[in-house]
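Okay, structure first, notes after.
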Amino acid sequence: MRKRPRPDQIAKILREVQADLQAGLNINQACRKGGIGLTTYYRWKALQENPASGEQIKITELENENGRLKELVAELALDRRMLQESLKKKP
(Lines give C-alpha, C1' and ligand atoms only; values in the text may rest on other atoms or scores of the structure.)
Protein backbone atom coordinates (compact mmCIF):
# COMPACT_ATOMS: atom_id res chain seq x y z
CA MET A 1 0.00 0.00 0.00
CA ARG A 2 1.41 3.38 -1.00
CA LYS A 3 1.67 6.05 1.64
CA ARG A 4 0.14 9.42 1.02
CA PRO A 5 2.63 12.20 0.51
CA ARG A 6 3.00 14.80 3.25
CA PRO A 7 2.02 18.41 2.52
CA ASP A 8 5.67 19.43 2.13
CA GLN A 9 6.20 16.63 -0.40
CA ILE A 10 3.09 17.73 -2.30
CA ALA A 11 4.36 21.32 -2.42
CA LYS A 12 7.74 20.11 -3.71
CA ILE A 13 6.13 18.03 -6.47
CA LEU A 14 3.91 20.94 -7.50
CA ARG A 15 6.94 23.27 -7.69
CA GLU A 16 8.78 20.74 -9.85
CA VAL A 17 5.79 20.34 -12.17
CA GLN A 18 5.44 24.12 -12.43
CA ALA A 19 9.15 24.42 -13.28
CA ASP A 20 8.76 21.75 -15.96
CA LEU A 21 5.79 23.61 -17.40
CA GLN A 22 7.82 26.81 -17.57
CA ALA A 23 10.64 24.85 -19.22
CA GLY A 24 8.31 24.00 -22.08
CA LEU A 25 6.86 20.58 -21.24
CA ASN A 26 3.13 20.08 -21.61
CA ILE A 27 1.02 19.25 -18.57
CA ASN A 28 0.89 15.50 -19.28
CA GLN A 29 4.67 15.24 -19.62
CA ALA A 30 5.29 17.33 -16.50
CA CYS A 31 2.88 15.24 -14.41
CA ARG A 32 4.39 11.98 -15.67
CA LYS A 33 7.87 13.28 -14.81
CA GLY A 34 6.63 14.21 -11.33
CA GLY A 35 5.09 10.76 -10.87
CA ILE A 36 1.51 11.94 -10.45
CA GLY A 37 -1.65 11.79 -12.50
CA LEU A 38 -3.31 14.74 -14.16
CA THR A 39 -6.31 14.59 -11.82
CA THR A 40 -4.04 14.49 -8.78
CA TYR A 41 -2.15 17.54 -10.06
CA TYR A 42 -5.30 19.60 -10.44
CA ARG A 43 -6.68 18.46 -7.07
CA TRP A 44 -3.42 19.31 -5.27
CA LYS A 45 -3.17 22.62 -7.10
CA ALA A 46 -6.70 23.55 -6.00
CA LEU A 47 -5.84 22.64 -2.40
CA GLN A 48 -2.71 24.79 -2.58
CA GLU A 49 -4.72 27.76 -3.84
CA ASN A 50 -7.44 27.32 -1.19
CA PRO A 51 -5.64 26.06 1.91
CA ALA A 52 -7.68 24.24 4.52
CA SER A 53 -8.62 25.93 7.74
CA GLY A 54 -6.78 25.19 10.97
CA GLU A 55 -9.64 22.99 12.17
CA GLN A 56 -9.58 20.89 9.02
CA ILE A 57 -5.84 20.38 9.36
CA LYS A 58 -6.22 19.32 13.00
CA ILE A 59 -9.02 16.91 12.09
CA THR A 60 -6.89 15.35 9.36
CA GLU A 61 -3.95 14.99 11.74
CA LEU A 62 -6.19 13.39 14.37
CA GLU A 63 -7.65 10.99 11.80
CA ASN A 64 -4.13 9.97 10.75
CA GLU A 65 -3.10 9.47 14.37
CA ASN A 66 -6.26 7.45 15.01
CA GLY A 67 -5.41 5.18 12.07
CA ARG A 68 -1.88 4.61 13.36
CA LEU A 69 -3.17 3.81 16.84
CA LYS A 70 -5.76 1.37 15.50
CA GLU A 71 -3.00 -0.40 13.58
CA LEU A 72 -0.87 -0.65 16.73
CA VAL A 73 -3.78 -2.05 18.74
CA ALA A 74 -4.46 -4.64 16.05
CA GLU A 75 -0.82 -5.73 16.05
CA LEU A 76 -0.72 -5.97 19.83
CA ALA A 77 -3.97 -7.95 19.90
CA LEU A 78 -2.53 -10.37 17.35
CA ASP A 79 0.68 -10.76 19.37
CA ARG A 80 -1.34 -11.37 22.53
CA ARG A 81 -3.48 -14.01 20.81
CA MET A 82 -0.39 -15.77 19.47
CA LEU A 83 1.20 -15.82 22.92
CA GLN A 84 -1.96 -17.18 24.51
CA GLU A 85 -2.18 -19.94 21.92
CA SER A 86 1.46 -20.87 22.43
CA LEU A 87 0.92 -21.06 26.20
CA LYS A 88 -2.10 -23.35 25.73
CA LYS A 89 -0.09 -25.77 23.59
CA LYS A 90 2.62 -26.23 26.25
CA PRO A 91 1.45 -28.68 28.94
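- Considering only residues two or more places apart in sequence or on other chains, Asp79 meets the salt bridge (charged side-chain N to carboxylate O under 4.0 Å, His left out) condition with none of them.
- Distance NZ/Lys45 to CZ/Arg43: 14.5 Å, rounded to 0.5 Å.
- A distance of 12.0 Å separates CG of Asp20 from CZ of Arg32, quoted to the nearest 0.5 Å.
- The salt bridge (charged side-chain N to carboxylate O under 4.0 Å, His left out) test applied to Lys12 returns no partner, not counting sequence neighbours.
- Chaining together hydrophobic side chains whose heavy atoms lie under 4.5 Å apart leaves Leu76 on its own.
- The NZ atom of Lys3 sits 10.0 Å away from atom CD of Gln9, with the distance rounded to the nearest 0.5 Å.
- Cluster partners of Tyr41 are Ile10, Ile13, Leu14, Val17, Leu21, Ile27, Ile36, Leu38, Tyr42, Trp44, counting Ile, Leu, Val, Met, Phe, Trp and Tyr whose side-chain heavy atoms approach within less than 4.5 Å, directly or via other members.
- Listed by chain and residue number, Arg68 satisfy the salt bridge (charged side-chain N to carboxylate O under 4.0 Å, His left out) test with Glu65 (two or more places apart in sequence, or in another chain).
- The minimum heavy-atom distance between Cys31 and Gly37, with the atom names listed, is SG-O, 4.2 Å.
- Side-chain heavy-atom separations under 4.5 angstrom define the hydrophobic clusters, and the remaining members of the one that includes Leu72 are Leu69.
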